Amino acid sequence: MAVYNKSRLNYVWLAWFALSIPIILFIDALHFYPSSWYSSPSAPLHMFHLVRQDYIAQYNDPIVQWSPSTSVPGSHDSWIGLFLYLEFGFTLPVVLYGFFKLAVKRKGTTGRDELLFLVYALETALTTLVCIYDVGYWDPAVYSEEVRRTMILQFFGPWFLVPSIMAVDMARRILGRIKVADEAMEERERRKVQ
């Protein structure tokens, strides 16, 4: 029988998952949809296309602008494709599951959930840290110090910080479960000896 953890932090993680879903589906994945879904003003996803275009116009973010067709062979940006595969193949299913688990089921997290969310949090924090590190190598002639600072603190920073806190929370929960299991095993061994 599963033991559920009903920590108040689950509300924070629920809000995080709820925020992540539309960003992944409607901003990051937008150009993987047929262009008829977003290019014309009457298209259903046109609003998200405008948001994305405004962001690109304002910050010229090369990571957001990357696509397999714009990738230059031998350039440093080949990792972006891998990160997109991770986002759509792992991150999106986990945030959908996390939202379902915390918003619909409302039972809390099991040890299995916490392990999955720990892996998710570490993957998200690490891939975002790579993006933060990459900003340091952006051409200063193209990207001002202010734009690079904005990218790190306002756009990438929260996507590193929140999953890092989630990783610590999930690790703490898992270690608590291990401690309880170890104590139960020790008690069982003591009873065998008596």
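These numbers come from a predicted model, not from an experiment. Along the sequence shown, residues are numbered consecutively beginning with 1.
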A.B. asks: Rounded to the nearest 0.5 Å, what's the gap from CG on Leu129 to CG on Leu122? Could you check?
C.D. replies: 12.0 Å
A.B. asks: Can Val104 be reached from Leu14 by stepping across I, L, V, M, F, W or Y side chains whose heavy atoms are under 4.5 Å apart?
C.D. replies: no
A.B. asks: Would Tyr33 and Leu25 count as a side chain to side chain contact (heavy atoms under 4.5 Å, CB included) here? Give the steps.
C.D. replies: CA-CA 10 Å; Tyr33 299 135; Leu25 288 176; 3.8 Å; yes
A.B. asks: Side chains of Pro163 and Glu123, heavy atoms from C-beta outward: is any pair under 4.5 Å?
C.D. replies: no
A.B. asks: Would you kindly confirm whether Leu30 and Val51 end up in one hydrophobic cluster when ILVMFWY residues are joined by side chain heavy atoms under 4.5 Å apart?
C.D. replies: yes
A.B. asks: Hey, can you pull the donor-acceptor pairs under 3.5 Å for the side chains in residues 93-103, sequence neighbours left out?
C.D. replies:
{"unit_1": "Tyr97", "atom_1": "OH", "unit_2": "Asp113", "atom_2": "OD1", "d": "2.4"}
{"unit_1": "Lys101", "atom_1": "NZ", "unit_2": "Asp113", "atom_2": "OD2", "d": "3.2"}

A.B. asks: Indicate the ring-plane relationship of Phe26 and Phe48, choosing parallel, tilted or perpendicular according to the 30° and 60° boundaries.
C.D. replies: parallel
A.B. asks: Does any N or O in the side chain of Thr127 come within less than 3.5 Å of the main-chain N or O of Thr124, such that one atom is a donor and the other an acceptor?
C.D. replies: yes
A.B. asks: To the nearest 0.5 Å, what is the distance between CD1 (Ile178) and CZ (Arg173)?
C.D. replies: 14.5 Å
A.B. asks: Please determine whether a side-chain nitrogen of the Lys or Arg among Arg149 and Glu146 lies less than 4.0 Å from a carboxylate oxygen of the Asp or Glu.
C.D. replies: no
A.B. asks: Which is it for Asn10 and Thr109 under the side chain to side chain contact (heavy atoms under 4.5 Å, CB included) test, yes or no, and what are the steps along the way?
C.D. replies: CA-CA 8 Å; Asn10 286 349; Thr109 57; 4.0 Å; yes
A.B. asks: What heavy-atom pair brings Glu114 and Asn5 nearest, and what distance separates the two atoms?
C.D. replies: OE2-CB, 3.3 Å
A.B. asks: Should we count CZ of Phe32 as having more than 12 external heavy atoms under 6.0 Å?
C.D. replies: yes
A.B. asks: Do you know the tightest heavy-atom contact between Gly108 and Lys6?
C.D. replies: CA-CG, 4.3 Å
A.B. asks: Looking at side-chain heavy atoms only, is the closest gap between His46 and Trp37 below 4.5 Å?
C.D. replies: no
A.B. asks: Ignoring hydrogens, what is the shortest heavy-atom contact between Trp138 and Met151? Give both atom names and the distance.
C.D. replies: CZ3-CG, 3.8 Å
A.B. asks: Counting distance only, does the side-chain N/O of Gln65 pair as donor-acceptor with the main-chain N or O of Asn60 below 3.5 Å?
C.D. replies: yes
A.B. asks: Assess the residue pair Trp79 and Trp66 against the criterion (side chain to side chain contact (heavy atoms under 4.5 Å, CB included)); give the C-alpha distance rounded to whole Å, side-chain angles, the decisive distance to 0.1 Å, and a yes or no.
C.D. replies: CA-CA 10 Å; Trp79 54 270; Trp66 186 92; over 6 Å; no
A.B. asks: Quick one: are the ring centres of Phe160 and Phe156 less than 6.0 Å apart?
C.D. replies: no
A.B. asks: Look up atom CD1 in Ile23 and atom CD in Glu87, then write down how far apart they are to the nearest 0.5 Å.
C.D. replies: 9.5 Å
A.B. asks: From the options Glu189, Glu187, Arg188, select the one residue that forms a side-chain contact (heavy atoms from CB on, under 4.5 Å) with Arg191.
C.D. replies: Glu187
A.B. asks: For the hydrophobic clusters of this structure (ILVMFWY residues joined by side-chain heavy atoms under 4.5 Å, transitively), does one cluster hold both Val135 and Val142?
C.D. replies: yes
A.B. asks: Is there a path of hydrophobic side-chain contacts, each under 4.5 Å between heavy atoms of I/L/V/M/F/W/Y residues, joining Leu50 to Ile27?
C.D. replies: no
A.B. asks: Testing the basics here: between Arg148 and Pro140, what is the closest heavy-atom pair and its distance to 0.1 Å?
C.D. replies: NH2-CB, 4.1 Å
A.B. asks: Does a side-chain heavy-atom distance below 4.5 Å link His49 with Leu45?
C.D. replies: no
A.B. asks: When rounded to the nearest 0.5 angstrom, what is the spacing between CD1 in Ile165 and CG in Leu9?
C.D. replies: 9.0 Å
A.B. asks: Could you tell me if the side chain of His31 sits less than 4.5 Å from the side chain of Arg52, heavy atoms only?
C.D. replies: yes
A.B. asks: Within the 4.5 Å heavy-atom criterion, are Leu116 and Met170 side-chain neighbours or not?
C.D. replies: no
A.B. asks: Quick one: pull up CG in Leu92 and CG in Leu86 and give me the separation to the nearest 0.5 Å.
C.D. replies: 12.5 Å
A.B. asks: Ring centres of Tyr59 and Phe155 under 6.0 Å apart?
C.D. replies: yes
A.B. asks: When rounded to the nearest 0.5 angstrom, what is the spacing between CD1 in Ile63 and CZ in Phe83?
C.D. replies: 9.0 Å
A.B. asks: Ignoring hydrogens, what is the shortest heavy-atom contact between Leu19 and Pro22? Give both atom names and the distance.
C.D. replies: O-CD, 3.4 Å
A.B. asks: Does any non-hydrogen side-chain atom of Tyr120 lie less than 4.5 Å from one of Phe17?
C.D. replies: yes
A.B. asks: Are the side chains of Tyr143 and Pro62 in contact, using a 4.5 Å heavy-atom criterion?
C.D. replies: yes
A.B. asks: Could you check whether the rings of Trp159 and Trp16 sit parallel, tilted or perpendicular, using 30° and 60° as the cut-offs?
C.D. replies: tilted
A.B. asks: If the threshold is 4.0 Å, N to carboxylate O, is there a salt bridge linking Arg172 and Asp169?
C.D. replies: yes
A.B. asks: Do Leu82 and Ile132 land in one hydrophobic cluster if side-chain heavy atoms of ILVMFWY residues count as linked below 4.5 Å?
C.D. replies: yes
